Amino acid sequence: MKNKEIAGKFLEIAHLLEIKGENSFKIRSYEKAAETIESLDHDIKDDYISGNLEELDGIGKGIAAKISEYLSAGKITKLEELRKEIPRGLLEMLKVPGLGPAKIRLIHKELGIKTMRGLDIAARRGELAALSGLGEKSAANILRGLEIASRLDGRLLMSTAENMADDFLEVIRKDKSCRAALACGSVRRGCETVGDIDLLAVSETPEKIIDTFVKIDGVEKVTSSGPTKASVYSTGDVQIDLRVVAPASFGAAMLYFTGSKEHNIALRKCASAMGCTLNEYALSDQKSGEYRAGETEKDVYKRLGLDYIPPELRENRGEIEQASRHALPSLIEAKDIKGDLHLHSVYSDGAVEIRGLAARASELGYEWIGSCDHSMSLTIARGLSVKNLMKKKKEIESLNKTSRVRILFGAEVDILSDGSLDYPDEILKELDVCLGAVHAVFNQSPEVLNKRIMRAMDNPYLDVLAHPTARLIGKRPPLALDMEKVTAKAAEKNIILEVNAFPDRRDLKEEHIRMALAKGVMLSLGSDSHALHHMDNMRYGLMNLRRAGCGKRDVLNTRTAAELSKIISSRRRKANGYSA
DNA sequence: GCCGTTTTCGGCCCGACTGTTTTCAGTCG
C-alpha cells in the first residue's frame with residue numbers, strides 16, 4: 001500500500017510551495033489531499049484502477065493526475081521540478097521555531113543561504129539582524145530556534161508530557177482566581193508523543209493567572225506573554241503554552257486548544273455552512289454576532305448538529321461526518337477494563353510478588369490478572385526454567401484459593417530466532433495464557449523475520465502476540481514486519497494481538513490496531529508492569545485503542561475471567577484442529 | 001488546487017502576540 005508514501009509526497013509539495021510563497025489556499029489543498037490519502041481505510045490504488053480518484057474528498061483533477069502519475073511512473077514531475085528549484089536545506093529550516101516561509105525566503109534571497117549550517121553561521125555573525133524586516137530580536141530568536149531544532153529532534157513521550165503538564169497545572173490551580181485548568185492539545189488527544197504542551201485555564205482575571213504561570217519554577221524563558229496568553233520554555237526546552245478564557249468560553253476554548261488543527265478547520269467549515277462562526281470564544285451568528293454556544297464542548301457540537309466527539313478521535317479522519325449521522329464508534333473506556341494480561345513478578349525481572357500484583361489489581365477494580373514472566377532463554381531478565389515455572393504454578397494455585405482477583409498462570413514466552421517458542425508444547429499446554437514475544441535477534445532480514453513470526457503464530461499454544469513490533473519509541477525502530485500479513489494470520493488463527501501499554505512501547509500502534517480491527521482480530525491490553533506503579537500505565541494502551549476507534553467488545557480485557565478462559569480454550573481447540 | 005443550497009468564479013478558519021514599523025506582516029496554534 002502506497003497511501004502513506006503518496007501523502008508524504010503531497011506534504012512535501014505543500015512545504016516547498018510554502019517556501020516559494022505560493023497562494024496559501026493552494027498549499028492547503030495539497031495538505032488536505034495528503035490528509036485524505038493518509039486516512040483512507042483502503043489502498044488508494046483501488047480508486048486509481050477504478051478511476052474514482054476525483055471522488056475522494058479534496059482531490060480534484062490536478063491532484064488526481066499527480067497520483068496517477070506516481071502510481072504509473074513512480075514519480076511526480078511537479079515535485080521533481082520543485083526540488084530542483086528549492087534547496088533542500090530551506091525545507092529543513094521550516095522546523096526552526098520562529099522561522100517561517102517568509103523569513104526563510106528573505107534570508108535565502110538576500111544572503112544566498114541554503115543550508116542550516118549556513119544559517120547558523122550567518123546568525124552567529126549577526127548578518128540576519130541587518131536584513132530589512134528583521135532586527136536584533138528576530139535574529140536572537142532564530143539563533144535560539146536553531147539550537148532547539150538541533151537538540152529537540154524528537155518529541156516527548158506522552159507520559160513525560162503529562163507529568164510536566166501536571167506540575168504546571170498544580171501551581172496554576174492553586175491560584176485563587178483559577179476556576180479550572182487542564183491540558184489540551186495532543187496530550188488530551190492521547191497521542192503517542194507530544195511536541196509542545198498546551199494548557200487552558202478559566203478565570204475572570206486572566207492577567208493574574210498568566211503572571212503566576214510565567215513565574216513558575218522551571219520556566220527557563222518566557223517567549224511571549226500577553227493579557228490572555230503566554231508561551232514559555234521549561235526545563236529541557238519544552239514549550240508550554242497557556243491560554244486563559246472566561247467561563248462562558250470554556251467549551252469553545254477547549255475545542256480550539258485540543259485540536260487537532262485539521263479537526264478545528266473542519267468544524268469551522270461546518271459552522272460557516274450554517275451561517276455561524278466558531279472561534280475560541282464561542283459559536284456565534286455570523287451576522288448578528290449572537291452567542292449560540294461555548295460554555296461546554298457538548299453544547300458546541302450539539303449546535304453544530306453533531307454528536308460529541310471524544311478528543312482521541314479529533315483528527316479529521318471522518319469523525320465529523322460520522323458524528324453528523326450518529327455513527328461514531330462507542331469507544332472502550334477505562335471502567336470497562338476487568339484485568340491486566342501482562343504482569344511480571346519477582347519470579348523473573350519484576351519487582352513485586354504475585355500477591356502484591358493481585359492486591360493492586362483489586363484496588364484498581366480488576367477481576368483478574370495474567371501473571372506472565374519471561375521464559376528461560378531470556379537469561380538477562382531472569383527467565384524462568386521449567387522447574388521454576390512449575391513452582392510458580394503451584395503458588396498461583398494456592399493464591400487463587402483466597403485471592404479476590406483471579407490470577408491466570410501465564411508466561412511471556414520468547415519467540416526464538418527460528419520462530420519456535422521457548423518452552424516445549426507440553427509445558428505451554430499447562431499455561432492458562434501464553435504470550436509470545438520477540439526480545440532478541442532484531443536484525444534479521446525482513447524475509448527471515450516475517451517467516452519467524454509466521455512460524456510462531458502457527459504454534460497452537462500461542463494465544464497472544466505481545467508487543468508485536470517490539471519498537472521502543474525514540475530508541476528502537478519497529479521490526480520490519482508485514483503487518484497486513486501478521487494481522488491476517490492473527491485473524492486466521494484466532495490469535496490475540498496485544499496493545500502493550502508501556503509508555504515507550506504503545507505497540508500495536510493505532511494504525512495497526514485499525515488494521516487488526518478491520519479483520520476482526522481480538523486485541524488485549526497489557527501494562528507489561530515490572531513494578532507496582534507500572535500498573536497505572538494501562539491508560540497509555542487505552543489511548544491507542546481509543547484513537548483507533550476501538551470498542552469494548554474488541555478487547556479481551558473487558559471480559560470476565562470465565563469468558564476469557566473460554567475464549568482461549570476455544571481458540572486452542574480450533575488451532576489444534578488446524579494443525580492436526 | 002478544490003469546490004458548488006450565493007455553483008464554473010471567487011471564495012477558501014480564526015485570533016493572539018511579536019517585532020519592526022508607524023499600521024501591519026509574520027508566526028503560531
Side-chain angles (χ1 to χ4, degrees), chain A residues 10 13-14 17-19 21-36 53-67 78 93-107 128-142 144-145 184-189 194-200 206 210 214 222-232 239-245 249 252-253 255-284 286 304 316:
Chain A
F10 286 133
I13 292 180
L17 290 177
E18 248 191 311
I19 292 173
E22 260 288 2
N23 174 307
S24 63
F25 300 109
K26 188 188 275 191
I27 293 163
R28 178 74 201 125
S29 295
Y30 280 105
E31 287 172 352
K32 177 96 200 294
E35 279 161 33
T36 298
L53 283 173
E54 284 182 52
E55 280 170 33
L56 297 173
D57 197 23
I59 292 178
K61 263 203 174 59
I63 291 182
K66 291 179 180 71
I67 297 170
K78 167 120 181 174
M93 290 180 200
L94 280 175
K95 289 183 197 144
V96 178
L99 205 49
K103 283 183 191 162
I104 294 175
R105 214 158 41 235
L106 178 76
I107 291 166
L128 300 182
L131 293 177
S132 87
L134 292 182
E136 290 299 335
K137 286 197 171 173
S138 301
N141 270 342
I142 292 171
R144 182 172 173 93
C184 293
S186 46
V187 172
R188 183 155 179 253
R189 298 203 310 281
V194 174
D196 48 33
I197 296 171
D198 298 302
L199 305 178
L200 173 67
I210 296 287
V214 298
V222 180
T223 51
S224 95
S225 171
T228 65
K229 186 184 164 179
S231 288
V232 303
Q239 188 182 327
I240 305 182
D241 300 331
L242 172 70
R243 183 67 185 266
V244 190
V245 298
S249 297
L255 264 181
Y256 182 79
F257 290 103
T258 299
S260 66
K261 191 176 147 202
E262 290 73 24
H263 180 85
N264 285 347
I265 290 173
L267 277 188
R268 292 208 184 108
K269 267 191 163 173
C270 287
S272 162
M274 46 198 284
C276 291
T277 56
L278 177 62
N279 55 26
E280 60 262 58
Y281 301 110
L283 176 71
S284 44
Q286 225 156 35
L304 289 171
N316 196 29

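Because the structure is predicted, anything quoted here is derived from the model rather than measured. Chain naming here is simple, since letters A, B, ... match the order of the sequence lines and numbering starts at 1 in each.
dT27(B) and dT20(B) are spaced 13 Å apart, taking the P atom of each and rounding to whole Å. For the P atoms, the distance linking dT8(B) with dC3(B) amounts to 16 Å, nearest Å. The gap from the C1' atom of dT23(B) to that of dT18(B) amounts to 15 Å, rounded to the nearest Å. Distance check on atom P: dT21(B) versus dA25(B) gives 14 Å, rounded to whole Å. Comparing dG1(B) with dT6(B), their P atoms are spaced 27 Å from each other, to the whole Å.
S24(A) comes within 4.0 angstrom of nothing in the nucleic acid, heavy atoms only. Among the heavy atoms of the strands lying under 4.0 Å from L134(A) are primed sugar atoms or P, OP1, OP2 only; no base atom is included. Looking at heavy-atom distances under 4.0 Å, F257(A) makes no contact with the nucleic acid at all. I265(A) comes within 4.0 angstrom of a nucleotide base, judged by non-hydrogen atoms across all strands. Using a 4.0 Å heavy-atom cutoff across all strands shown, R243(A) reaches sugar-phosphate atoms only and no base atom. Across all strands shown, N264(A) has no heavy atoms under 4.0 Å from either base or sugar-phosphate atoms. Here T277(A) lies in heavy-atom contact (under 4.0 Å) with sugar-phosphate atoms only. Counting non-hydrogen atoms under 4.0 angstrom, T228(A) reaches the backbone sugars and phosphates but no base.
Two residues, G62(A) and D198(A), neighbour DNA chain B, and the one matched to the more 5' nucleotide by heavy-atom proximity is G62(A).
Taking CE of M274(A) as the reference point, atom CG of L283(A) lies at 6.5 Å (rounded to 0.5 Å).
Set against dT20(B), dC14(B), dG1(B), the side chain of F25(A) has dG1(B) as its closest nucleotide. For K137(A), the listed nucleotide lying nearest its side chain is dG19(B); candidates were dG19(B), dG1(B), dG15(B). Nearest nucleotide to the side chain of Y281(A), out of dC17(B), dG1(B), dA16(B): dA16(B). Listed nucleotides dT18(B), dC2(B), dA16(B) differ in distance to S29(A); the shortest reach to its side chain belongs to dC2(B).
In this structure dT8(B) sits in no base pair that meets the Watson-Crick or G-U test at under 3.5 Å.
Sequence neighbours left out, the pairs with a member in residues 54-64 of chain A that pass side chain to side chain donor-acceptor pair (under 3.5 Å) are K32(A)-D57(A).
Between the side chain of R243(A) and the backbone N or O of K229(A), no donor-acceptor pair lies under 3.5 Å. Counting only distance, with no hydrogens or angles, the side chain of R28(A) and the backbone of A14(A) share no donor-acceptor pair below 3.5 Å.
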Please tabulate, one pair per line, each protein N/O and nucleotide N/O from nucleotides 24-28 of chain B that are separated by under 3.5 Å, including the distance.
{"residue": "dT27(B)", "atom": "OP1", "partner": "G100(A)", "partner atom": "N", "Å": "2.9"}
{"residue": "dT27(B)", "atom": "OP1", "partner": "G100(A)", "partner atom": "O", "Å": "3.1"}
{"residue": "dT27(B)", "atom": "OP1", "partner": "K103(A)", "partner atom": "N", "Å": "2.9"}
{"residue": "dT27(B)", "atom": "OP2", "partner": "A102(A)", "partner atom": "N", "Å": "3.1"}
{"residue": "dC28(B)", "atom": "OP1", "partner": "G98(A)", "partner atom": "N", "Å": "2.5"}

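Pairing each heavy atom of G21(A) with each of R105(A), the nearest pair is CA-NH1, 3.0 Å.
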